[in-house]
Amino acid sequence: TATQLFKLMDKYRPETKEAKKERLKARAAEKAEGKADAPTKRAPVVRHGINTVTTLIEKKKAQLVVIANDVDPIELVVFLPALCRKMGVPYCIVKNKARLGRVVRRKTTTC
(Lines give C-alpha, C1' and ligand atoms only; values in the text may rest on other atoms or scores of the structure.)
Protein backbone atom coordinates (compact mmCIF):
# COMPACT_ATOMS: atom_id res chain seq x y z
CA THR A 1 0.00 0.00 0.00
CA ALA A 2 0.99 3.65 -0.30
CA THR A 3 1.47 4.03 3.44
CA GLN A 4 3.97 1.17 3.52
CA LEU A 5 5.76 2.60 0.48
CA PHE A 6 6.17 6.03 2.07
CA LYS A 7 7.36 4.49 5.36
CA LEU A 8 10.00 2.60 3.38
CA MET A 9 11.00 5.73 1.45
CA ASP A 10 11.34 7.71 4.70
CA LYS A 11 14.18 5.38 5.70
CA TYR A 12 16.08 6.45 2.58
CA ARG A 13 15.44 10.22 2.75
CA PRO A 14 18.32 12.47 1.68
CA GLU A 15 20.14 14.02 4.63
CA THR A 16 19.19 17.53 5.69
CA LYS A 17 21.48 20.51 5.17
CA GLU A 18 22.15 20.63 8.91
CA ALA A 19 23.08 16.94 9.05
CA LYS A 20 25.43 17.34 6.09
CA LYS A 21 27.08 20.37 7.66
CA GLU A 22 27.52 18.47 10.93
CA ARG A 23 28.99 15.44 9.14
CA LEU A 24 31.47 17.58 7.20
CA LYS A 25 32.50 19.52 10.34
CA ALA A 26 33.21 16.26 12.14
CA ARG A 27 35.25 15.06 9.17
CA ALA A 28 37.19 18.36 9.07
CA ALA A 29 37.88 18.13 12.82
CA GLU A 30 39.30 14.63 12.38
CA LYS A 31 41.47 15.85 9.53
CA ALA A 32 42.72 18.77 11.65
CA GLU A 33 43.76 16.34 14.39
CA GLY A 34 45.98 14.60 11.88
CA LYS A 35 43.95 11.47 11.28
CA ALA A 36 43.80 10.03 7.78
CA ASP A 37 40.94 11.51 5.75
CA ALA A 38 38.70 8.61 4.81
CA PRO A 39 35.79 9.75 2.62
CA THR A 40 32.52 8.42 3.92
CA LYS A 41 30.71 5.93 1.72
CA ARG A 42 27.58 7.43 0.17
CA ALA A 43 24.43 6.00 1.69
CA PRO A 44 21.64 4.83 -0.64
CA VAL A 45 19.04 7.60 -0.84
CA VAL A 46 15.85 8.37 -2.73
CA ARG A 47 16.67 10.12 -6.02
CA HIS A 48 14.20 12.48 -7.65
CA GLY A 49 13.65 14.38 -10.88
CA ILE A 50 12.76 13.19 -14.37
CA ASN A 51 16.27 13.41 -15.81
CA THR A 52 17.94 11.71 -12.85
CA VAL A 53 15.38 8.91 -12.68
CA THR A 54 15.48 8.32 -16.44
CA THR A 55 19.28 8.05 -16.33
CA LEU A 56 19.14 5.61 -13.42
CA ILE A 57 16.59 3.44 -15.23
CA GLU A 58 18.66 3.39 -18.42
CA LYS A 59 21.77 2.37 -16.46
CA LYS A 60 19.68 -0.23 -14.58
CA LYS A 61 20.67 1.33 -11.24
CA ALA A 62 17.09 2.13 -10.18
CA GLN A 63 15.50 -0.40 -7.85
CA LEU A 64 11.99 1.07 -7.71
CA VAL A 65 10.46 4.02 -9.57
CA VAL A 66 7.63 5.94 -7.94
CA ILE A 67 5.64 8.20 -10.30
CA ALA A 68 3.15 10.90 -9.27
CA ASN A 69 -0.21 10.85 -11.04
CA ASP A 70 -0.95 14.59 -11.01
CA VAL A 71 1.97 15.81 -13.12
CA ASP A 72 0.74 18.82 -15.07
CA PRO A 73 1.96 18.20 -18.62
CA ILE A 74 1.39 14.44 -18.40
CA GLU A 75 3.76 13.95 -21.35
CA LEU A 76 6.65 14.39 -18.91
CA VAL A 77 6.05 10.99 -17.32
CA VAL A 78 4.04 9.04 -19.92
CA PHE A 79 7.12 7.22 -21.23
CA LEU A 80 8.39 6.08 -17.80
CA PRO A 81 6.21 2.95 -17.34
CA ALA A 82 7.20 1.64 -20.78
CA LEU A 83 10.87 2.36 -20.09
CA CYS A 84 10.65 0.63 -16.71
CA ARG A 85 9.02 -2.45 -18.26
CA LYS A 86 11.66 -2.55 -21.00
CA MET A 87 14.52 -2.35 -18.50
CA GLY A 88 12.91 -4.64 -15.93
CA VAL A 89 12.62 -2.03 -13.18
CA PRO A 90 9.55 -2.19 -10.92
CA TYR A 91 7.45 0.97 -10.82
CA CYS A 92 4.32 2.26 -9.12
CA ILE A 93 2.08 5.30 -9.43
CA VAL A 94 1.08 7.27 -6.33
CA LYS A 95 -1.61 9.87 -5.86
CA ASN A 96 0.05 13.16 -5.00
CA LYS A 97 3.26 14.78 -6.19
CA ALA A 98 3.36 16.95 -3.06
CA ARG A 99 3.37 13.81 -0.92
CA LEU A 100 6.20 12.45 -3.01
CA GLY A 101 8.05 15.76 -2.72
CA ARG A 102 7.85 15.64 1.06
CA VAL A 103 10.01 12.51 1.06
CA VAL A 104 12.86 14.26 -0.77
CA ARG A 105 12.47 17.55 1.15
CA ARG A 106 10.98 19.54 -1.74
CA LYS A 107 7.56 21.08 -2.38
CA THR A 108 6.69 18.73 -5.23
CA THR A 109 8.46 16.18 -7.39
CA THR A 110 7.22 14.14 -10.35
CA CYS A 111 9.13 10.93 -9.75
Side-chain angles (χ1 to χ4, degrees):
T1 64
T3 308
Q4 293 170 329
L5 173 70
F6 282 105
K7 280 184 183 176
L8 174 72
M9 287 172 59
D10 277 341
K11 293 179 184 175
Y12 296 101
R13 286 182 87 169
E15 66 182 344
T16 61
K17 289 183 181 181
E18 293 81 23
K20 182 178 181 181
K21 192 181 283 186
E22 199 173 294
R23 178 176 55 87
L24 292 177
K25 277 186 181 179
R27 189 172 161 195
E30 286 181 8
K31 190 175 179 183
E33 290 173 6
K35 294 181 181 174
D37 186 30
T40 53
K41 183 138 172 113
R42 191 171 178 175
V45 294
V46 175
R47 305 295 299 244
H48 63 97
I50 289 285
N51 291 338
T52 307
V53 171
T54 305
T55 305
L56 289 171
I57 295 169
E58 288 170 348
K59 291 181 178 179
K60 294 189 179 181
K61 300 247 175 155
Q63 295 177 343
L64 172 68
V65 177
V66 182
I67 306 166
N69 75 335
D70 60 346
V71 179
D72 188 22
I74 194 71
E75 291 80 18
L76 288 176
V77 293
V78 164
F79 69 96
L80 280 176
L83 182 64
C84 288
R85 266 189 244 110
K86 179 182 173 191
M87 296 305 227
V89 176
Y91 71 95
C92 64
I93 298 172
V94 294
K95 269 192 180 175
N96 199 343
K97 66 183 179 182
R99 191 173 176 197
L100 198 55
R102 212 173 309 137
V103 172
V104 292
R105 303 182 199 281
R106 298 260 183 270
K107 254 197 248 180
T108 62
T109 186
T110 54
C111 61

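We count residues from 1, following the sequence as given. Given the structure is predicted, the values throughout are model-derived calculations rather than measurements.
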Under the salt bridge (Lys or Arg N to Asp or Glu O under 4.0 Å) definition, can you give me all pairs with a residue in residues 4-24, not counting sequence neighbours?
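Pairs touching residues 4-24 that pass the test: Glu15-Arg23.
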
Quick one: do Val53 and Leu83 end up in the same hydrophobic cluster if we chain Ile, Leu, Val, Met, Phe, Trp and Tyr together by side-chain heavy atoms under 4.5 Å apart?
yes

Would Val45 and Val104 show up in the same hydrophobic cluster when neighbours are defined by side-chain heavy atoms closer than 4.5 Å?
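No, it is not one cluster - the side chains of Val45 and Val104 are not joined through contacts under 4.5 Å.
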
Please tabulate, one pair per line, all N/O donor-acceptor pairs under 3.5 Å involving side-chain atoms of residues 27-35, not counting sequence neighbours.
residue : atom : partner : partner atom : Å
Arg27   : NE   : Asp37   : OD1          : 3.0
Arg27   : NH2  : Asp37   : OD2          : 3.4

What pairs of residues pass the side-chain hydrogen bond (donor to acceptor under 3.5 Å, both in side chains) test when at least one of them lies in residues 101-111, not counting sequence neighbours?
none

Between side-chain atoms of residues 89-96 and protein atoms elsewhere (two or more places apart, or another chain), which donor-acceptor pairs fall under 3.5 Å?
residue : atom : partner : partner atom : Å
Tyr91   : OH   : Arg85   : NH2          : 3.1
Asn96   : OD1  : Ala98   : N            : 3.1

Residues 57-81, side-chain donor-acceptor partners within the protein, below 3.5 Å, at least two apart:
residue : atom : partner : partner atom : Å
Asp70   : OD1  : Lys97   : N            : 3.0

With side chain to side chain contact (heavy atoms under 4.5 Å, CB included) as the criterion, how do His48 and Val103 come out once you've worked through the C-alpha distance, each side chain's angles and the decisive distance to 0.1 Å?
CA-CA 10 Å; His48 63 97; Val103 172; over 6 Å; no

